[in-house]
Amino acid sequence: MISAEKIPNNVNLSSNKRLQRALEHWQPKYIQWWRDMGPQGFQDYHQVYVRTAISVDPKGWAHFEYVKLPEYRWGIFLADPIHDRRIGFGDFFGQPVWHEVPGEFRNQLRRLIVTQGDTEPASVEQQRWLGQRCPSLYDLRNLFQVNVEEGRHLWAMVYLLHSYFGRDGRDEAEELLERQSGNRDKPRILEAFNEPIDNWLDFFMFTMFTDRDGKSQLMSLSESSLDPLSRTTKFMLTEEAHHMFVGETGISRILERTCQLMKQSGFSEDVRKIGGIDIPTIQKHLNQWFSLSLDLHGGEVSSNAASYFANGLKGRAKEDTFDDDHVLKEASYRMEFFEEGRPVTKEVLMRNAMNEVLRDWYVGDCAAGVERWNKILEHHGISDRLRLPDRKFNRNIGMYSGFHFDPNGVPLSDEQWEKRKFEWLPSPADSEYLLSIMAEPVYEPGKFANYIAPPRRGINQLPINFEYVRTES
Ligand SMILES: [Fe+2]
Ligand SMILES: [Fe+2]
């Protein structure tokens, strides 16, 4: 039974019996989904030291305790309301924000919420076997922290569907538990969320690049005129930051260890011989997850994106940092097109280029992260550098899909691509190697797998050798 006490919330759930009943009806299905499709082998006999949000103030959402995963207190939290908040962009600029869903935008809003909501359980499904191959208890805890919070993000979207979309919303909430990542008949909506994540290099790249797409989408939704959507996504962003921390520092620690192993072997590139992950392999996985995550931003020229912006449903990330023009009726955007084998720059209406505007923000945010990684290589006196591939590389959505490019953006024929693609993307042999060094999980407190360095510090100021996941005897 859900009660206001059992389900932490700041939406006064107990005062809305109808909504409370609807969520009570959905909750057991959610728990069943979590057991079936969540972390495999860690449901009943393990206690995990996780952060549980119990309110939105900084103290409340940094509350740590040991819990069994199915008993995690998935709550519903909205960021505090802003008094007299006004619509910040589009055709209704300056008008008061909405506290109910306007009938004419109901379908579009539902679509946006469902698409966002679908990614949350999908990533839990993708990652469900990783616990059995973890490099340390510290990392195992981080994985589960990310997983329970993605579960909470699903709750956040389901709350909106149940509260504002009536019968349709309830149906959508059910379907969010029915689609499955990688399932042929009922796949998740977006492609990157149907790719398996069965090794930890993929997990860290996913949390670095795909959770960062989550950040850009949530930032643009947090600008929304629909106030509850804005406040929900704003609070989700505070949790998202930790997911990207896990990804960025995970790769940093792999790089750190790779550098150590390279030195040990007399600056040999071939660290696989001593169980490390070589830089070219790291680069291939970067290429894969960056390009998949670029696709998540949608087509370059998009009338849907234009309409979302015009109607005030989905804005630009940090709309108020753009000067003056928040309506963008006439504004244009210089975009590169690919015509007859060469790039041509053209002006398009800014509103139609909204996906690309958000992608620009995203690429900049990723590039800064890659710079930080390169500092580690530099620090160790190693001349290799990681880099983001060109935006045209390995795209399956938008104007570059159907063509092939190398990571420098040079066009390739189908034959050239087929011949060379595994120079730039993980090959079956690479995956096999990664699985071979991850076959034995490391469950001893303070111990780390050979291919990754320990973190600088533990979680919540605890030591690195703290027992972050306890096994019941
Ligand atoms: Fe999320
Ligand atoms: Fe996330």
Side-chain angles (χ1 to χ4, degrees), residues 2 6-11 13 22-44 46-54 56 61-78 113-131 140-162 172-181 188-190 193 197 203 206-207 210-211 214-215 217-218 232-233 235-244 246-247 469:
I2 298 184
K6 273 193 179 160
I7 239 197
N9 73 86
N10 68 353
V11 295
L13 193 56
L23 288 169
E24 274 174 10
H25 189 70
W26 186 78
Q27 193 207 26
K29 297 179 190 179
Y30 170 82
I31 297 292
Q32 194 56 50
W33 165 82
W34 176 269
R35 286 184 169 278
D36 294 343
M37 297 304 292
Q40 297 297 298
F42 294 92
Q43 300 278 346
D44 292 310
H46 296 83
Q47 296 183 352
V48 187
Y49 186 74
V50 285
R51 178 178 76 177
T52 308
I54 52 173
V56 290
W61 67 273
H63 170 85
F64 282 85
E65 61 189 341
Y66 274 112
V67 295
K68 286 189 186 179
L69 291 177
E71 290 163 15
Y72 182 83
R73 299 171 76 218
W74 283 283
I76 297 167
F77 292 101
L78 275 58
I113 292 167
V114 166
T115 307
Q116 178 63 41
D118 194 67
T119 66
E120 316 287 359
S123 66
V124 176
E125 294 167 353
Q126 286 170 293
Q127 297 162 13
R128 70 186 188 276
W129 293 104
L130 286 173
L140 187 63
R141 186 221 83 93
N142 284 351
L143 166 70
F144 294 154
Q145 182 75 62
V146 170
N147 291 162
V148 292
E149 285 176 353
E150 301 304 6
R152 207 202 65 75
H153 292 175
L154 172 61
W155 272 86
M157 294 298 113
V158 164
Y159 162 76
L160 293 175
L161 289 168
H162 275 234
E172 295 282 12
E174 305 274 309
E175 284 171 39
L176 283 167
L177 297 176
E178 284 163 14
R179 285 184 291 271
Q180 281 179 5
S181 177
R188 291 294 174 183
I189 296 169
L190 301 169
F193 293 89
I197 301 176
F203 171 64
F206 180 93
T207 38
T210 309
D211 280 89
K215 178 182 169 186
Q217 302 302 332
L218 291 175
T232 305
T233 46
F235 184 65
M236 289 161 75
L237 279 164
T238 60
E239 292 165 320
E240 212 55 58
H242 179 68
H243 307 178
M244 286 174 293
V246 169
V469 180

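Since the model is a prediction, treat every value here as computed from it, not as a measurement.
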> By ring pair (Phe, Tyr, Trp, His ring centres under 6.0 Å), which residues pair with F193, not counting sequence neighbours?
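Result, ring pair (Phe, Tyr, Trp, His ring centres under 6.0 Å) vs F193: F206.
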> Quick check: do M157 and T232 have side-chain heavy atoms less than 4.5 Å from each other?
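When only atoms from C-beta onward are counted, T232 and M157 do touch, with a gap below 4.5 Å.
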> Sub-3.5 Å donor-acceptor pair from the side chain of W129 to the main-chain atoms of Q40, do we have one?
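Pair absent, no side-chain N/O of W129 close to backbone of Q40.
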> Just jot down the side-chain hydrogen bond (donor to acceptor under 3.5 Å, both in side chains) partners of T210, sequence neighbours excluded, or say none.
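Here the qualifying residues are S293.
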> Taking all non-hydrogen atoms of both residues, which atom of Q126 and which atom of S181 are closest, and how far apart?
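In terms of heavy atoms, the two residues are closest at CG-OG, 3.2 Å.
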> Please identify each residue that fulfils side-chain hydrogen bond (donor to acceptor under 3.5 Å, both in side chains) with Q32, with sequence neighbours left out.
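Only D36 meet the side-chain hydrogen bond (donor to acceptor under 3.5 Å, both in side chains) criterion with Q32.
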> Ion pair present between E239 and R51, side-chain N to carboxylate O less than 4.0 angstrom?
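A salt bridge is absent here (no side-chain N lies under 4.0 Å from a carboxylate O).
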> Taking all heavy atoms of H243 and all of E149, pick out the closest pair and write down the distance.
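Between these two residues, the closest heavy atoms are NE2-OE1, 2.8 Å.
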> Taking only residues two or more places apart in sequence or in another chain, which ones pass salt bridge (Lys or Arg N to Asp or Glu O under 4.0 Å) with E172?
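Applying salt bridge (Lys or Arg N to Asp or Glu O under 4.0 Å) to E172 gives R110.
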> Give me the atom names and distance for the closest heavy-atom approach of P39 to V124.
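Shortest heavy-atom separation between P39 and V124 comes out as CD-CG1, 4.4 Å.
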> Applying ring pair (Phe, Tyr, Trp, His ring centres under 6.0 Å), can you list everything that pairs with F144, at least two apart in sequence or on another chain?
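With neighbours one apart ignored, the set is F42.
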> Could you walk me through whether N142 and H242 pass side chain to side chain contact (heavy atoms under 4.5 Å, CB included), step by step?
CA-CA 9 Å; N142 284 351; H242 179 68; 4.1 Å; yes
> Looking at residues at least two apart in the chain, or sitting in another chain, which of them share a side chain to side chain contact (heavy atoms under 4.5 Å, CB included) with R179?
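Checked R179 against side chain to side chain contact (heavy atoms under 4.5 Å, CB included); matches are V114, D118, E175, L176, R188, I189.
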> Applying side chain to side chain contact (heavy atoms under 4.5 Å, CB included) to F203 and V246, what does each step give before you reach the verdict?
CA-CA 9 Å; F203 171 64; V246 169; 3.8 Å; yes
> Closest approach of Y159 and L78, non-hydrogen atoms and distance?
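For Y159 and L78, the tightest heavy-atom pair comes out as CE2-CD1, 3.8 Å.
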> Using modelled atom types and a 3.5 Å cut-off, is there a donor and acceptor pairing between side-chain atoms of R152 and backbone atoms of G75?
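Pair found, side chain donor or acceptor close to backbone of G75.
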> Quick one: CD on Q27 to CH2 on W155, what's the gap to the nearest 0.5 Å?
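Rounded to the nearest 0.5 Å, the CD-CH2 separation comes out at 4.5 Å.
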> Give me the atom names and distance for the closest heavy-atom approach of E240 to K215.
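Looks like CG-N, 4.2 Å.
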> Report the residues that fulfil ring pair (Phe, Tyr, Trp, His ring centres under 6.0 Å) with Y49, sequence neighbours left out, ordered by chain and then residue number.
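Residues passing ring pair (Phe, Tyr, Trp, His ring centres under 6.0 Å) with Y49: F64, Y66, F466.
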> Which residues pass the side chain to side chain contact (heavy atoms under 4.5 Å, CB included) test with E65, sequence neighbours left out?
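Applying side chain to side chain contact (heavy atoms under 4.5 Å, CB included) to E65 gives T52, H63, V67.
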> List for me each residue that meets side chain to side chain contact (heavy atoms under 4.5 Å, CB included) alongside H162, sequence neighbours excluded, and say none if there are none.
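Side chain to side chain contact (heavy atoms under 4.5 Å, CB included) check on H162 returns L19, A22, L23, W26, V158, R170, A173.
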> Would you say W74 and Y30 are linked by a side-chain donor-acceptor pair, where the criterion is simply a distance under 3.5 Å?
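Side-chain D/A pair, Y30 to W74: present.
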> Rounded to the nearest 0.5 Å, how far does CE of M236 lie from NE2 of H153?
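Between H153 NE2 and M236 CE, I get 4.5 Å after rounding to 0.5 Å.
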> Taking all non-hydrogen atoms of both residues into account, name the closest pair between R141 and V50 and its distance.
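Closest pair (atom of R141, atom of V50, distance): NH1-CA, 3.8 Å.
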> List in chain and number order the residues that pass side-chain hydrogen bond (donor to acceptor under 3.5 Å, both in side chains) with Q127, two or more places apart in sequence or in another chain; answer none if no residue qualifies.
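If we apply the side-chain hydrogen bond (donor to acceptor under 3.5 Å, both in side chains) test to Q127, skipping adjacent residues, the hits are N147.
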> May I have the step-by-step check of side-chain hydrogen bond (donor to acceptor under 3.5 Å, both in side chains) for W33 and E125, ending in yes or no?
CA-CA 10 Å; W33 165 82; E125 294 167 353; 2.8 Å; yes
> Under the side chain to side chain contact (heavy atoms under 4.5 Å, CB included) rule, collect the residues that match up with K29, sequence neighbours excluded.
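Here the qualifying residues are H25, E174, L177.
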> Tell me every residue that passes side-chain hydrogen bond (donor to acceptor under 3.5 Å, both in side chains) with Q116, counting only those two or more places apart in sequence or in another chain.
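Here the qualifying residues are E120.
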